[in-house]
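Inspection log for the structure reproduced underneath, given as structure tokens.
Scope of the values below: all heavy atoms of this structure, side chains included, with no hydrogens, waters or symmetry mates. None of these values were measured; they are calculated from a predicted model.
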Amino acid sequence: MGKKKPAAAVWVVLLQGSLLSLGVYLAGMMLLALLLIQGAVPESSAFPVTAALCLLAALGGGFLTSRRTPWGTLPSALLNTLLFAAVLVAVGAACWRGISWAGQGGILLLCALAGGLLAGVLGGRRRRRKRK
């Protein structure tokens with residue numbers, strides 16, 4: 001029998017998932033900015049693309065954490081989404097004085113929550129291999 005690989009600490013997994021979410025979001029925002037400057041994406045569609053990026057970033061980090069933590073898939077994906085949304089809120093509060101949470105800021109947080117919920121529901125446990 002082979003030795004089992006030691007599992008990473010839960011906080012390390014959550015940090016990796018949050019960094020993945022932030023990396024996907026930041027890379028997508030830089031690509032969106034480039035496409036907006038080039039004129040490939042109209043300015044009116046910037047917010048829907050940003051909302052989709054928020055959802056996809058939370059989904060990616062949620063999938064990573066849901067498979068690697070000892071808790072269930074939904075709690076770990078939602079905790080990763082909470083960390084990701086907390087960073088978005090902190091950066092938003094630090095950079096802009098008046099954030100309208102009832103307007104577009106709240107929609108971005110709801111998109112992040114939807115991505116975490118989707119990752120928790122779809123990120124089921126890996127099936128065990130049957131011994132032959």
Side-chain angles (χ1 to χ4, degrees):
M1 285 196 237
K3 294 182 180 178
K4 280 190 169 182
K5 184 179 172 183
V10 175
W11 69 270
V12 173
V13 173
L14 288 172
L15 181 67
Q16 289 173 347
S18 297
L19 288 177
L20 176 69
S21 294
L22 289 170
V24 167
Y25 186 71
L26 184 61
M29 290 303 290
M30 287 191 297
L31 181 64
L32 176 63
L34 177 70
L35 292 174
L36 281 169
I37 290 171
Q38 296 294 328
V41 176
E43 204 172 320
S44 62
S45 65
F47 181 72
V49 172
T50 303
L53 278 173
C54 199
L55 186 131
L56 290 175
L59 185 69
F63 273 141
L64 180 76
T65 57
S66 68
R67 292 191 176 261
R68 297 177 61 197
T69 55
W71 309 316
T73 57
L74 188 61
S76 58
L78 285 178
L79 185 57
N80 175 66
T81 301
L82 180 68
L83 292 173
F84 172 61
V87 170
L88 288 181
V89 168
V91 169
C95 294
W96 294 277
R97 288 186 184 173
I99 297 176
S100 173
W101 296 115
Q104 294 178 345
I107 293 173
L108 289 180
L109 292 178
L110 287 176
C111 286
L113 179 64
L117 279 171
L118 198 59
V121 170
L122 297 179
R125 293 280 180 202
R126 293 181 184 163
R127 306 262 192 288
R128 292 187 183 204
R129 294 183 186 173
K130 292 183 182 180
R131 290 183 64 176
K132 293 183 180 181

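When only modelled atom types and interatomic distance are considered, Thr73 and Ser66 share no side-chain donor-acceptor pair under 3.5 Å.
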Start with the C-alpha gap between Ser21 and Asn80, add the side-chain angles, then the distance that decides, and say whether side chain to side chain contact (heavy atoms under 4.5 Å, CB included) holds. CA-CA 9 Å; Ser21 294; Asn80 175 66; 3.5 Å; yes

Stepwise side chain to side chain contact (heavy atoms under 4.5 Å, CB included) check, Leu122 with Phe63: CA-CA 8 Å; Leu122 297 179; Phe63 273 141; 4.0 Å; yes

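Clustering of Ile, Leu, Val, Met, Phe, Trp and Tyr side chains at separations under 4.5 Å places Leu78 together with Leu74, Leu113, Leu117.
Clustering ILVMFWY residues whenever any of their side-chain heavy atoms sit less than 4.5 angstrom apart, transitively, puts Leu64 in a cluster other than the one holding Val13. Residues Leu88 and Ile107 share a hydrophobic cluster, clusters being chains of Ile/Leu/Val/Met/Phe/Trp/Tyr side chains in contact below 4.5 Å. Phe84 and Val91 fall within the same hydrophobic cluster, where Ile, Leu, Val, Met, Phe, Trp and Tyr residues are linked whenever their side-chain heavy atoms come under 4.5 Å apart, directly or through other members.
With rounding to the nearest 0.5 angstrom, the CG atom of Leu83 is 9.0 Å from the CG atom of Leu15. Atoms CG and CG, on Leu14 and Leu79 in that order, are 5.0 Å from each other to the nearest 0.5 Å. Rounded to the nearest 0.5 Å, atoms CZ (Arg68) and OG (Ser76) are 11.5 Å apart. The distance from the SG atom of Cys111 to the CG atom of Leu118 is 12.0 Å, given to the nearest 0.5 Å.
Nearest heavy atom pair, residue Gly116 against residue Ala77, reads O-CB, 3.6 Å. The nearest pair of heavy atoms linking Thr65 to Gly17 is CG2-CA, 3.8 Å.
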Listed pairs under 3.5 Å, donor-acceptor, residues 27-50 side chains, sequence neighbours left out:
from, atom 1, to, atom 2, distance (Å)
Ser45, OG, Pro42, O, 3.0
Thr50, OG1, Ala46, O, 2.7

